[in-house]
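By convention in this document, chain letters (A, B, ...) are assigned in the order of the sequence lines, proteins followed by strands, and residues within each chain are numbered from 1.
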Protein chains: 2
Amino acid sequence: MKRENSEGALIQLRAYIAQGEFETNDRLPAERELCETLGIGRSELRKAFAILESEGAIWRHVGRGTFVGNGKGQGPDYLSIADIAKRTTPREVMHARLVLEPMLAREAAMHATAEHVEQLRDCCAKAREATTWRQYESIDNQFHSLVTEATQNTPLITMYEQLNALRRTIVWGCLHRHTETPTPDHHSFAEHEAILEAIEQRNSEAAQIGMKRHLQAVRDDMFPSD
Amino acid sequence: MKRENSEGALIQLRAYIAQGEFETNDRLPAERELCETLGIGRSELRKAFAILESEGAIWRHVGRGTFVGNGKGQGPDYLSIADIAKRTTPREVMHARLVLEPMLAREAAMHATAEHVEQLRDCCAKAREATTWRQYESIDNQFHSLVTEATQNTPLITMYEQLNALRRTIVWGCLHRHTETPTPDHHSFAEHEAILEAIEQRNSEAAQIGMKRHLQAVRDDMFPSD
DNA sequence: ATTCACACATTGGTTGATCATTGTCTAGTA
DNA sequence: TACTAGACAATGATCAACCAATGTGTGAAT
């Protein structure tokens with residue numbers, strides 16, 4: 001019964017609040033009293049409270065007490081990347097990128113600022129200097145993120161981030177390549193620069209097509225059968 | 001400068017870990033040292049650590065130290081719709097729909113099963129029978145969800161769900177209309193049916209354009225200034 | 001030279017005292 | 001009686017000291 005330390009207090013506290021039938025904004029017992037009731041130390045109790053507070057399940061104030069927050073807060077307010085990852089495949093994620101990202105490039109061509117273009121240019125330059133696949137992957141990822149940021153649309157940016165997080169979760173470690181180091185004539189370099197040029201010239205159609213071609217090439221690298 | 005208490009330490013700590021370029025399982029400075037570096041009390045630091053630990057972003061052990069967990073934890077594993085909602089606007093959400101959903105309709109035309117088409121047809125029929133705007137909104141929402149499901153691509157579906165949740169959070173209660181009840185000649189009916197027809201005929205281009213026209217009309221209803 | 005045992009320093013965890021804030025009760029005044 | 005000011009108690013937050021677990025180095029024994 002010594003294993004209940006790390007998370008036991010949290011579980012115990014959650015159960016207490018749930019079965020205690022507290023309504024929203026009801027006050028619950030003081031810390032010193034509650035930690036005695038639950039038979040745990042005050043630091044354990046406060047640690048559990050800190051987590052519940054970060055979740056919005058409770059709120060507290062000095063001199064007043066601790067109160068239960070909006071009960072719905074623990075609901076489906078968020079999407080867990082890990083849970084989504086269990087229900088999809090690398091192929092699906094690649095396909096989703098092929099659907100979403102060309103449209104992001106199109107939007108970027110219409111909304112990018114001069115500063116965005118400058119950052120993209122820097123990114124393309126650094127890509128050619130990459131000496132390891134690890135470096136290249138990082139810079140490639142940065143390029144796509146910058147294109148997305150250039151759309152200046154928060155919902156689109158968060159959707160891309162979700163897709164990106166999903167990709168990293170799923171293909172975590174599947175980064176083996178045919179060659180040891182990136183070669184200067186790798187198709188991605190020219191493709192990235194074509195996208196950059198299209199964005200710079202405000203040519204949304206070319207940006208969309210450029211991104212589509214690039215991702216099709218990436219897909220063909222990943223799944224040579226196609 | 002006293003407001004940085006409740007969450008400031010957590011944000012500060014997240015930033016420190018992020019820009020410190022720590023790899024997975026890297027050890028970070030001891031608590032006593034770190035709280036001096038960050039200029040916060042140890043209890044604040046430990047409170048922030050407790051939250052990061054509950055998210056899986058770090059793990060720690062007595063006598064050994066505190067270590068960064070799976071790198072994906074630094075942006076928490078989930079995206080909170082409420083947090084995103086704070087940083088966006090109805091216009092941005094509408095714009096994002098206009099970017100994403102036409103592509104979803106295009107995909108749906110290529111991947112929908114006969115069953116999907118059947119459900120879409122039912123949905124269109126029920127829409128014309130709606131007697132209140134509340135009912136119509138529900139059925140309209142169902143139509144768009146069905147189109148998304150027809151893509152049969154899990155990442156795309158979850159991205160649409162995220163955008164949909166965002167829309168409901170933001171425009172929560174802004175559903176006033178010019179007329180009291182839906183009229184049979186409302187433009188959406190014909191537009192939905194055009195999309196359905198395009199999907200049924202596997203005409204991806206027409207499905208994409210149909211969805212784009214439909215959402216442009218919806219946008220013009222919401223923001224008559226355009 | 002190798003190995004093992006033990007002392008010691010480091011680290012996260014815990015505890016109790018104290019601080020700062022809030023609510024309440026009470027004595028005093030009009 | 002009505003009302004206000006101040007004392008007092010309760011509460012969450014913070015801090016310093018201490019505890020237990022862990023890693024490391026040191027020196028004696030082989």
- Message: So if I take every side-chain heavy atom of B:Arg32 and compare against C:dG13, D:dC15, D:dG12, which nucleotide ends up nearest?
- Response: C:dG13
- Message: From the set C:dG12, D:dT14, C:dT11, return the single nucleotide nearest to any side-chain atom of B:Arg27.
- Response: C:dT11
Spacing between [X] atom [atom1] and [N] atom [atom2], to the nearest angstrom:
| X | N | atom1 | atom2 | result |
| --- | --- | --- | --- | --- |
| A:Glu31 | D:dA9 | CD | P | 21 Å |
| B:Arg42 | D:dC18 | CZ | C1' | 11 Å |
| A:Leu45 | C:dG13 | CG | C1' | 15 Å |
| B:Phe49 | C:dG13 | CZ | C1' | 14 Å |
| A:Ile58 | D:dG12 | CD1 | C1' | 11 Å |
| B:Lys47 | C:dT14 | NZ | P | 17 Å |
| B:Leu34 | C:dG13 | CG | P | 14 Å |
| B:Arg60 | C:dG13 | CZ | C1' | 9 Å |

- Query: Which residues satisfy the side-chain contact (heavy atoms from CB on, under 4.5 Å) test with B:Glu149, sequence neighbours excluded?
  - Reply: B:Leu146
Quick test: give all pairs of protein nitrogen or oxygen and nucleotides 22-24 of chain D nitrogen or oxygen below 3.5 Å, distance rounded to 0.1 Å.
residue	atom	partner	partner atom	Å
D:dG23	OP1	B:Arg64	NE	3.3

- Message: Test side-chain hydrogen bond (donor to acceptor under 3.5 Å, both in side chains) on B:Ser188 and B:Tyr136; report intermediate values, then the result.
- Response: CA-CA 10 Å; B:Ser188 284; B:Tyr136 168 75; 2.9 Å; yes
- Task: Using atom types as modelled and distance alone, determine if a side-chain donor or acceptor of B:Glu31 lies under 3.5 Å from a backbone N or O of B:Arg46.
- Result: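 Pair absent, no side-chain N/O of B:Glu31 close to backbone of B:Arg46.
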- Task: Examine C:dG13: is either OP1 or OP2 under 4.0 Å from a nitrogen or oxygen in the side chain of B:Arg46? Give yes or no.
- Result: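 It does, given that an N or O in the side chain of B:Arg46 lies less than 4.0 Å from OP1 or OP2 of C:dG13.
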- Can you check whether B:Thr66 has a side-chain N or O nearer than 4.0 Å to OP1 or OP2 of C:dT11?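 Result: no.
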- Item | B:Arg91 side chain to A:Asn153 side chain, donor-acceptor N/O pair below 3.5 angstrom | no
- Query: Out of A:Leu28, A:Ile40, A:Leu38, A:Ile51, which residue meets the side chain to side chain contact (heavy atoms under 4.5 Å, CB included) rule with A:Leu13?
  - Reply: A:Leu38
- Quick one: ring-ring contact (aromatic ring centres under 6.0 Å, His included) pairs with a partner in residues 108-127 of chain A, sequence neighbours left out?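 Applying ring-ring contact (aromatic ring centres under 6.0 Å, His included) to every pair that reaches into residues 108-127 of chain A, excluding sequence neighbours, yields A:His111-B:His95.
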- Message: Less than 6.0 angstrom separating the ring centers of A:His192 and A:His144, yes or no?
- Response: yes
